[in-house]
Asker: 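First the structure, then my questions, so here it is.
By convention here, the first residue in the shown sequence is residue 1. What you see is a predicted model; the values in this text were computed from it and never measured.
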Amino acid sequence: MLRDQQDYLMRMIAIAAAAVARLRARLLEGDAPDEIVQEARAAQGELLGKDAGMLRMLDPSSAAHVLGDKLRLEQWAELLRVEAEAQRRAGREAEAQSLETRAASLSR
């Protein structure tokens with residue numbers, strides 16, 4: 001991988017990690033769950049780039065294979081967990097459980 005590409009990926013991972021921390025704090029503060037869901041999805045889009053839509057449609061194993069970067073996978077899984085918690089607080093338990101399952105599969 002070229003140095004510029006590696007630097008770009010590391011910046012995207014750092015931005016995603018900061019988003020996770022910020023969104024978790026907002027959850028603790030009791031902010032509106034739907035806003036947190038939107039921000040978590042936007043952060044996922046930034047982290048995954050142009051392939052975000054395709055990666056979301058793939059099963060976790062295939063998505064992990066296509067993405068191929070363990071650090072990005074870990075941050076994606078963390079963003080999914082934050083989104084799951086916001087969904088749960090919004091009363092959408094089935095969606096929350098689905099997101100948590102996907103996050104767990106991506107983390108393997």
Side-chain angles (χ1 to χ4, degrees):
M1 182 182 305
L2 297 173
R3 179 75 177 161
D4 288 343
Q5 287 176 322
Q6 187 176 20
D7 288 346
Y8 173 77
L9 289 176
M10 294 309 293
R11 279 193 306 274
M12 292 298 98
I13 291 165
I15 289 169
V20 167
R22 182 179 64 254
L23 292 171
R24 284 195 172 133
R26 289 186 63 194
L27 281 168
L28 290 173
E29 293 168 2
D31 285 0
D34 289 335
E35 290 177 13
I36 295 170
V37 166
Q38 288 177 338
E39 276 196 51
R41 288 179 180 171
Q44 290 171 54
E46 290 177 31
L47 177 66
L48 301 174
K50 64 179 173 46
D51 295 329
M54 183 238 349
L55 289 166
R56 288 182 184 130
M57 290 189 291
L58 292 174
D59 65 274
S61 177
S62 297
H65 179 73
V66 169
L67 194 56
D69 183 279
K70 184 176 170 106
L71 293 175
R72 285 174 71 196
L73 280 171
E74 290 172 6
Q75 287 307 309
W76 184 17
E78 288 303 311
L79 285 165
L80 288 171
R81 288 183 185 100
V82 169
E83 182 183 349
E85 182 58 31
Q87 293 284 12
R88 183 168 284 111
R89 290 185 186 199
R92 296 184 287 266
E93 183 62 35
E95 180 69 19
Q97 186 59 47
S98 175
L99 289 165
E100 287 173 344
T101 300
R102 184 169 184 84
S105 294
L106 288 171
S107 295
R108 291 185 194 142

Asker: What's the shortest heavy-atom distance between R56 and G45, and which atoms?
Answerer: NH2-N, 3.3 Å
Asker: Under the 3.5 angstrom rule, does the side chain of S98 hit a backbone N or O of A94 as a donor-acceptor pair?
Answerer: no
Asker: For the atom pair CZ (R24) and CG (L27), what is the distance rounded to the nearest 0.5 Å?
Answerer: 8.5 Å
Asker: Nearest 0.5 Å please: distance from the CD1 atom of I15 over to the CD atom of Q75.
Answerer: 11.5 Å
Asker: List for me each residue that meets salt bridge (Lys or Arg N to Asp or Glu O under 4.0 Å) alongside E93, sequence neighbours excluded, and say none if there are none.
Answerer: R88
Asker: Should L79 and I36 be regarded as members of a common hydrophobic cluster, given that ILVMFWY residues are connected when their side-chain heavy atoms come within less than 4.5 Å of each other, either directly or indirectly?
Answerer: yes
Asker: In the structure I gave you, are the side-chain heavy atoms of I13 and M10 within less than 4.5 Å of one another anywhere?
Answerer: yes
Asker: What pair of heavy atoms forms the shortest contact from P33 to A90, and how long is it?
Answerer: CB-CB, 3.8 Å
Asker: Look up atom CG in D69 and atom CD in Q6, then write down how far apart they are to the nearest 0.5 Å.
Answerer: 9.5 Å
Asker: Which heavy-atom pair separates A77 from L106 by the least distance, and what is that distance?
Answerer: CB-CB, 4.4 Å
Asker: Got a second to check how far K50's NZ is from L55's CG, nearest 0.5 Å?
Answerer: 9.5 Å
Asker: Nearest 0.5 Å, please: how far is CG in L67 from NE2 in H65?
Answerer: 11.0 Å
Asker: Test of understanding: with salt bridge (Lys or Arg N to Asp or Glu O under 4.0 Å), list the residues that count as partners of R26, not counting sequence neighbours.
Answerer: D31, E35, E39
Asker: Can you name the nearest heavy-atom pair linking E78 to V20, along with the distance?
Answerer: CB-CG2, 3.9 Å
Asker: What distance do L47 atom CG and L9 atom CG have between them, rounded to the nearest 0.5 Å?
Answerer: 9.0 Å
Asker: According to a hydrophobic-cluster definition based on side-chain heavy atoms being under 4.5 Å apart (Ile, Leu, Val, Met, Phe, Trp, Tyr only), do L73 and L48 belong together?
Answerer: yes
Asker: Is a donor on one side and an acceptor on the other found under 3.5 Å between the side chain of D59 and the backbone of S62?
Answerer: yes
Asker: Check this for me, if you would: do E85 and R89 make a salt bridge, where the nitrogen-to-carboxylate-oxygen distance has to be below 4.0 angstrom?
Answerer: yes
Asker: Looking at every non-hydrogen atom in both residues, tell me the closest pair between S107 and R81 and how far apart they are.
Answerer: OG-NH2, 2.9 Å
Asker: Could you check whether any side-chain heavy atom of Q44 comes within less than 4.5 Å of a side-chain heavy atom of V82, counting everything from C-beta outward?
Answerer: no
Asker: Kindly give the heavy-atom pair with the smallest separation between A40 and E83, and that separation in Å.
Answerer: CB-CB, 3.9 Å
Asker: Charged N to carboxylate O under 4.0 angstrom, D7 versus R11?
Answerer: no
